[in-house]
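Take a look at the structure below.
Quick caveat: nothing in here was measured; it's all calculated off a predicted structure.
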Amino acid sequence: MNQPRLPDYLTLIQQLLVNPRTEADEIINRHRELIDQEFFKLCQILAEQFQQAGEEDRANFLLSLVQKLGGLIPRPDERAVANAGGSRSPQEEYDEYIEVLMALFKAQLENPDNPQAIEAVLVQYQDKFDLMLTVVIKDWFPSTIDPNYPERNESIALMLHNLAIAFYQFPLGTRSHNIEIAMSCYECVLSVYTQATFPEEWAATQNNLGSAYQDRIQGDKSENIEAAIACYKAALQVYTQENYPLDWAMTHNNLGNSYNIRVQGDRAQNVEAAIGCYIAAFEVYIVEDFPQHWAMTHNNLGNTYRDRPQGDPAENIEQAISCYQNALQIRTRETFPPDWANTQINLGEAYYKRVQGEKSDNIEQAISCYKNALTVQTREAYPQRWAHINQNLGRAYCDRVKGKKNQNIKQAISYYESALQVYTPDTFPEQAATTQKHLEEAQQQG
């Protein structure tokens, strides 16, 4: 398929579909240069997709259009003969991925204000979301860019940027692949959204790419975090507190998250840098004006104090608990259940590490927080978080003071085994190894 003309083909088809059928001839005459066999092929692809979706009217219109204009439509028996060879050629596989992209672009064109429409297509084609798609995107996108048509380039970049966000947020499929696809989209977009020509869009893409690097599963973790920090710092070249206060605060919050988990550099200095980023964000995130952001930043600051190397360890944990309790003033189970559950997990970990107070009471508090989180973060809805909570519960029950020791160990083993249902060596090798080690230690105690 003629990749450089695909966006133009899609735009033409969109015009034909949304305008009265009586205007089809006039629209075709205005775009005669696009009427070729590749255009016919795309019409057939889209017609088949419409048929599968039960939209017979649109499907029949496209097929009749191809017939009218002289396109060749293989009969079903001819398609069967063509596919009888078995294995597909590299070009055929490439074209299949292009079809997925075109279906996603079509969903955006038809439903510009409806993210659910894009998600429906993502669900339909999730079996194609692998690393090959990243290769196809990086190969296809540069071929669509024409320096003579900057507005068209901007339109394509915007659609690809929206797809990147959709892939990054897509809950199904393989998480690591979804992130890689999103990153490939963002990287392509940055060839159009430059700092000089589109500073605001460039900064937004840098910020989003930073988040993808921060959450990236593939590659070296240390290098991924360094790339995330570089992206956030790049965004802050445009996002100033004076001109973009909310974006400035959000990017500082994101940068703080990266510093908090940074591998390179001095750990203590990284944590202090993270604290500085969160405190800066509070200059904009005032509870009366931005309660959710205020709570989010308190949650993140709590994570930093909980693991802080400098200062008095006991006091740091108390600071962390105070931050989490502040966050829970806004993050209630009724209003923000996922955020409430995340903060409950964090608070549980703080109580588990707490020095002040009775150890037995602190562990009971930790167990209570973890169990609270499980009421929201179920295996079906949040499998990775569910596994993390089960791992934490296993650890807490191993150290539990109250209750019978053998019953506590038995319960711990059960939680570790549950976590390993999600933490498999193939999907989460690091977590799987850690949980398996804890399980074996618990079994030895039992």
Side-chain angles (χ1 to χ4, degrees), residues 210 214 221-222 224-226 228-230 232-233 236 241 248-287 290-331 339-370 372-373 388-389 391-392 395-396 398-399 401 434:
Q214 183 173 290
K221 180 179 180 181
S222 171
N224 289 337
I225 297 301
E226 293 306 303
I229 291 172
Y232 294 138
K233 287 184 175 179
L236 288 172
Q241 186 176 1
W248 177 85
M250 175 58 73
T251 306
H252 268 90
N253 180 80
N254 293 341
L255 183 58
N257 292 343
S258 286
Y259 272 122
N260 198 33
I261 59 175
R262 192 183 190 194
V263 178
Q264 296 185 23
D266 180 75
R267 174 60 184 160
Q269 292 179 2
N270 289 336
V271 170
E272 296 309 303
I275 291 174
C277 288
Y278 296 137
I279 291 175
F282 281 127
E283 294 180 25
V284 175
Y285 290 158
I286 300 170
V287 64
F290 305 102
Q292 289 179 250
H293 294 85
W294 179 86
M296 172 191 68
T297 308
H298 267 101
N299 177 78
N300 294 340
L301 184 59
N303 292 341
T304 308
Y305 273 118
R306 187 188 62 205
D307 301 322
R308 189 187 190 195
Q310 293 186 10
D312 179 68
E315 182 57 34
N316 286 338
I317 292 295
E318 296 306 306
Q319 287 270 30
I321 290 173
S322 177
C323 287
Y324 295 138
Q325 289 173 340
N326 282 337
L328 289 173
Q329 294 176 30
I330 307 298
R331 292 182 163 189
D339 295 331
W340 172 82
N342 286 337
T343 304
Q344 287 286 347
I345 296 170
N346 295 334
L347 182 59
E349 293 180 3
Y351 272 119
Y352 180 81
K353 293 183 175 181
R354 193 182 192 195
V355 177
Q356 296 184 18
E358 293 292 330
K359 179 179 178 180
S360 61
D361 293 336
N362 290 335
I363 291 179
E364 294 305 306
Q365 287 274 27
I367 290 173
S368 177
C369 290
Y370 296 144
N372 283 342
H388 175 69
I389 299 168
Q391 183 188 60
N392 286 353
R395 182 184 58 182
C398 276
D399 294 338
V401 178
T434 300

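- Closest non-hydrogen pair, I363 versus A396, comes out as CG2-O, 3.7 Å.
- Rounding to the nearest 0.5 angstrom, the gap separating the OG1 atom in T343 from the CD atom in Q325 is 11.5 Å.
- Salt-bridge formation is not detected for the pair D399/K359: no Lys NZ or Arg NE/NH1/NH2 atom is positioned less than 4.0 Å from an Asp or Glu carboxylate oxygen.
- Using a 4.5 Å heavy-atom threshold, the side chains of T434 and Q391 count as touching.
- In this structure, R308 and I275 have side chains that are in contact, with non-hydrogen atoms separated by less than 4.5 Å.
- At least one donor-acceptor pair closer than 3.5 Å links the side chain of R267 to the backbone N or O of N260.
- Ring geometry for F290 against H293 counts as perpendicular: the plane angle is over 60°, on a 0 to 90° scale with 30° as the lower cut.
- In terms of heavy-atom proximity, C369 sits nearest to Y351 at SG-CD1, 4.3 Å.
- Residues W294 and I286 form no side-chain contact, since every pair of their non-hydrogen atoms from C-beta on lies 4.5 Å or further apart.
- Note: I330 CD1 to H298 NE2 = 10.0 Å, rounded to the nearest 0.5 Å.
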What verdict does the side chain to side chain contact (heavy atoms under 4.5 Å, CB included) test give for E318 and R354, after you've listed the backbone C-alpha separation in whole Å, the side-chain angles of each residue and the deciding distance to 0.1 Å?
CA-CA 8 Å; E318 296 306 306; R354 193 182 192 195; 2.8 Å; yes

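- Separation of atoms CG (D307) and CD (E349) is listed at 8.0 Å; rounding is to 0.5 Å.
- Side-chain contact between D339 and M296: absent, with no pair of heavy atoms (C-beta onward) separated by less than 4.5 Å.
- Going from atom CD1 of I321 over to atom CG of N346 covers 12.0 Å, rounded to the nearest 0.5 Å.
- Inter-residue side-chain proximity for L236 and L255 is flagged as met; some heavy-atom pair is nearer than 4.5 Å.
- Between the side chain of N270 and the backbone N or O of Q264, at least one donor-acceptor pair lies under 3.5 Å.
- N303 places a side-chain heavy atom less than 4.5 Å from the side chain of Y324.
- Looking only at side-chain heavy atoms (C-beta outward), N392 and Y352 stay at 4.5 Å or farther from each other.
- When all heavy atoms of Y305 and C323 are compared, the pair lying nearest together is CD1-SG, 4.3 Å.
- Crowding of E226 atom CD: a count of heavy atoms from other residues, nucleotides or ligands under 6.0 Å exceeding 12.
- Side chain of S368 to main chain of E364: no donor-acceptor pair is present (N/O by atom type, distance under 3.5 Å, no hydrogens or angles).
- Shortest non-hydrogen contact noted between Y278 and N253 is CE2-O, 3.5 Å.
- There is no side-chain donor-acceptor pair under 3.5 Å between Q365 and N362.
- Atoms CG and CG, on N300 and N342 in that order, are 10.0 Å from each other to the nearest 0.5 Å.
- Here the side chain of Y285 pairs no donor or acceptor atom with the backbone of A295 at under 3.5 angstrom.
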Check the pair W340 / N372 against side chain to side chain contact (heavy atoms under 4.5 Å, CB included), numbers first and verdict last.
CA-CA 9 Å; W340 172 82; N372 283 342; 3.6 Å; yes

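- Closest approach of I345 and Y370 over heavy atoms only: O-CE2, 3.6 Å.
- The shortest heavy-atom contact between I225 and S258 is CG2-O, 3.6 Å.
- Between N224 and Q214 there is no side-chain heavy-atom pair separated by less than 4.5 Å.
- One distance of note links OG1 of T251 with CD of Q241; it measures 12.0 Å at 0.5 Å rounding.
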